[in-house]
Number of protein chains: 2
Amino acid sequence: MATKPPFISVWARETPPPRRGREHPALSREQIVRAALELLDAEGMEALSMRKLGARLGAGATSIYWHVSNKDELLELVLDEVYGEVRIPELTEPASWRDAAAVFAYGMRQAMLKHPWMVPLLGVLPSFGPNALAVNNTLMTAFEEAGFTGKTLDYAVGAVVSYTLGATTPEVTWLNMVARSEAGADEWLTNLMRQVEVAAADYPDMLARYSTEDFSDMGVAKSLTFDFGLVAMLDGLEVRLRWHLDESKPPDPSSASPAVDAAVDAAGRG
Amino acid sequence: MATKPPFISVWARETPPPRRGREHPALSREQIVRAALELLDAEGMEALSMRKLGARLGAGATSIYWHVSNKDELLELVLDEVYGEVRIPELTEPASWRDAAAVFAYGMRQAMLKHPWMVPLLGVLPSFGPNALAVNNTLMTAFEEAGFTGKTLDYAVGAVVSYTLGATTPEVTWLNMVARSEAGADEWLTNLMRQVEVAAADYPDMLARYSTEDFSDMGVAKSLTFDFGLVAMLDGLEVRLRWHLDESKPPDPSSASPAVDAAVDAAGRG
DNA sequence: ATCCTCATCGTACGCTGTGCGAGTGACTTC
DNA sequence: GAAGTCACTCGCACAGCGTACGATGAGGAT
């Protein structure tokens, strides 16, 4: 059992000093990353192999390894390239932290929907690239100007980012599945529904709920769901912002009722 | 370029009727799933190959394919097995929907931290298994008893699930990285910090914020962050529950200020 | 004893990431 | 001009992957 080599983020490793070399190298890191991005968008994650990427660049497969030390490293670069698409405009109004958050959330969601292959990567690769940092910084600054400070600032920004990620992930999973079902999405969906109905026979409430569901305009429904949760989160944060500004203590400092504590402890021991 | 076969969820495919066969087949689906789960927990995703799994079961690699048609299908089964660990106790108090949500959130988070390999899977495989449905159903029922109905019910539950997923994902990514860095976590972290400082030189605010950060007790910090966002979300939902019960319209039906609309539209076109 | 079905397994195919060493051409130094 | 250095490219090879396929055997049913 060969232990796998340690993971070192591109952004954490020493970059060799640029020495003068040939004028026109055939390959460049930017070029490779761009080609990889195109390939991923066109055919998805499992279509990206070093050989295919090399072929697309008119180069040998292993030539890539001069510019990039790993496939993981390449993926880190591509991922940060996507973060570059998430642009948050300067919003100078006072208390426009809500707008900044909303623009980020929708931008991030759009990026994830446009590049579905990136979603699993978020669970494996860190997001320390310059573009990811820039996005994060913009959000931080907007929240800071609104009055969030210290840990509350981190908490609030983290909450918005978390919701955005978590809300979009299953959406992308769903779309991936529909896309992969080659047959018409309709027939595939009814097939799935029938099976789920069987599996969910034990839960009559669930069946009742599903039967009233409208699957015709899924896109709109997903958007509404996303917006609902986002606004709910922002409202919750706004309450905390007021507490923060007034330096008033929240009425109940902890979320945990005794019942919750007990259940969480039990789960922890299991 | 061979087009990949379509994806068909385990839960959506026809299961062959059980015919009477040998009394003691050497392998069983449950056994395989359990062994796969152990292997994944012990050595992570990329250590799970059909050959290794077969070896661990004292069987040939391809024998597994009698009980499971795919590696993806096996992973779907293992994933649902993990959902089985997320148990939400019966909370019969009125208005205990908050407790139910909190217990789910902490349970799900714990499961994800315990089985880090599952996080990327959430972006690829659907969660239609019986255990996943059970968890979802319990949450739904608790919210319904509290007064959520119709689409608002879906929205509210979805918001809690989304936040939980999205908040835990980067946590797991982080832990994975630290674990993979073979060298002491401390030295690895300082190394990363140095590089990030260089990369973030353009953002003086960010540097200032990071320097006041305390990295000593990361676990506690992450827990606090998680709880903060969760309670914020629940507060936001509680406001909506009251609107819902009073059938009063929210003061501002949409989150979108003109500035946000413009920005979102621009992103959509890009 | 014969047949039929369930279940297991060995082999093989095409694919993957990537380590290694040889090759190539341009620039620097004499 | 000659020699050397160095950036860069590439072919080969290795170990491993998922899994299609056909052979093989082990029971129960007849």
Side-chain angles (χ1 to χ4, degrees), chain A residues 1-8 15-32 35-36 39-40 43-78 117 121 124-125, chain B residues 1-8 10 15-32 35-36 39-40 43-78 121 124-125:
Chain A
M1 170 180 54
T3 67
K4 66 189 168 191
F7 176 79
I8 301 171
T15 57
R19 312 182 188 177
R20 61 267 132 73
R22 190 183 321 197
E23 288 189 24
H24 301 298
L27 260 46
S28 75
R29 180 179 267 206
E30 294 78 23
Q31 193 188 153
I32 292 172
L39 198 48
L40 285 167
E43 309 192 44
M45 184 79 261
E46 68 279 4
L48 178 68
S49 74
M50 300 307 261
R51 280 170 242 260
K52 276 189 206 162
L53 183 56
R56 170 179 271 251
L57 290 163
T62 58
S63 306
I64 300 168
Y65 284 89
W66 178 258
H67 305 271
V68 152
S69 72
N70 244 343
K71 192 184 182 181
D72 274 359
E73 191 169 302
L74 171 61
L75 290 176
E76 273 192 283
L77 294 168
V78 180
W117 45 264
L121 288 187
V124 186
L125 302 176
Chain B
M1 170 180 53
T3 66
K4 66 189 167 191
F7 175 78
I8 301 172
V10 213
T15 57
R19 311 179 190 181
R20 61 267 131 76
R22 191 184 323 199
E23 288 187 24
H24 302 295
L27 261 46
S28 76
R29 179 179 269 203
E30 294 79 25
Q31 194 186 151
I32 293 172
L39 197 51
L40 285 167
E43 309 192 44
M45 183 79 262
E46 69 279 3
L48 178 69
S49 74
M50 299 308 260
R51 281 171 241 259
K52 277 190 206 163
L53 183 57
R56 170 178 270 251
L57 290 164
T62 57
S63 306
I64 300 167
Y65 284 90
W66 178 257
H67 304 271
V68 152
S69 73
N70 243 344
K71 192 183 185 183
D72 273 358
E73 193 171 301
L74 171 61
L75 290 176
E76 271 192 283
L77 293 168
V78 180
L121 288 186
V124 185
L125 302 175

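Letters go in sequence order (proteins before strands), and every chain restarts at 1. Note that the structure is predicted; figures quoted are calculated from it, not measured.
Spacing between atom CD of A:Q31 and atom C1' of D:dT9 amounts to 13 Å, rounded to whole angstrom units. Between the C1' atom of C:dG17 and the CD atom of A:E73 lies a distance of 14 Å, rounded to the nearest Å. For the pair B:R29 CZ and C:dT8 P, the computed distance is 13 Å after rounding to whole Å. Rounded to whole Å, atom C1' of C:dG21 lies 17 Å from atom OH of A:Y65. Rounded to a whole Å, the CD1 atom of B:I32 is 11 Å from the C1' atom of C:dT8. Distance CG (B:D72) to P (D:dG18): 11 Å, rounded to an integer number of Å. With rounding to whole Å, A:L53 atom CG is found 17 Å from C:dC15 atom P. Protein atom CE of A:M50 is 16 Å distant from nucleotide atom C1' of D:dG11, rounded to whole Å.
For B:S49, the listed nucleotide lying nearest its side chain is D:dC17; candidates were C:dC9, C:dC6, D:dC17. The side chain of A:R51 approaches C:dT16 more closely than any other nucleotide in the set D:dC8, C:dT16, C:dA7. Closest to the side chain of B:H67, out of D:dC17, C:dG19, C:dA7, is C:dA7. Checked against D:dC10, D:dT19, C:dT16, the side chain of A:K52 finds its nearest nucleotide in C:dT16. Each of D:dT9, C:dG10, C:dT18 was ranked by its minimum atom distance to the side chain of A:L27; first place goes to D:dT9. When the nucleotides D:dT9, C:dT18, C:dC6 are ranked by their closest atom to the side chain of A:S63, D:dT9 comes out on top.
A close approach under 4.0 Å does occur between a side-chain nitrogen or oxygen of A:N70 and OP1 or OP2 of C:dT18. Close to C:dA7, at under 4.0 Å from its OP1 or OP2, lies a side-chain N or O of B:W66.
For the pair A:E46 and A:T62, both in contact range of DNA chain C, the more 5′-proximal nearest nucleotide belongs to A:E46.
Among the protein residues, A:L74 comes within range of no part of the nucleic acid, since none of its heavy atoms lies under 4.0 Å from any strand. Among the protein residues, B:A61 comes within range of no part of the nucleic acid, since none of its heavy atoms lies under 4.0 Å from any strand. Note on B:I64: nothing from the nucleic acid sits closer than 4.0 angstrom, heavy atoms only.
For the atom pair CD of A:Q31 and CZ of A:R56, the computed distance is 11.5 Å after rounding to the nearest 0.5 Å. Note: B:L48 CG to B:L40 CG = 4.5 Å, rounded to the nearest 0.5 Å.
For the pair A:I8 and A:E76, the tightest heavy-atom approach, listed with the atom from each and the gap, is O-OE1, 4.3 Å. B:I64 approaches B:G54 most closely through the heavy-atom pair CD1-N, 3.8 Å.
Considering only heavy atoms from C-beta on, A:L27 stays 4.5 Å or farther from A:W66 through its side chain.
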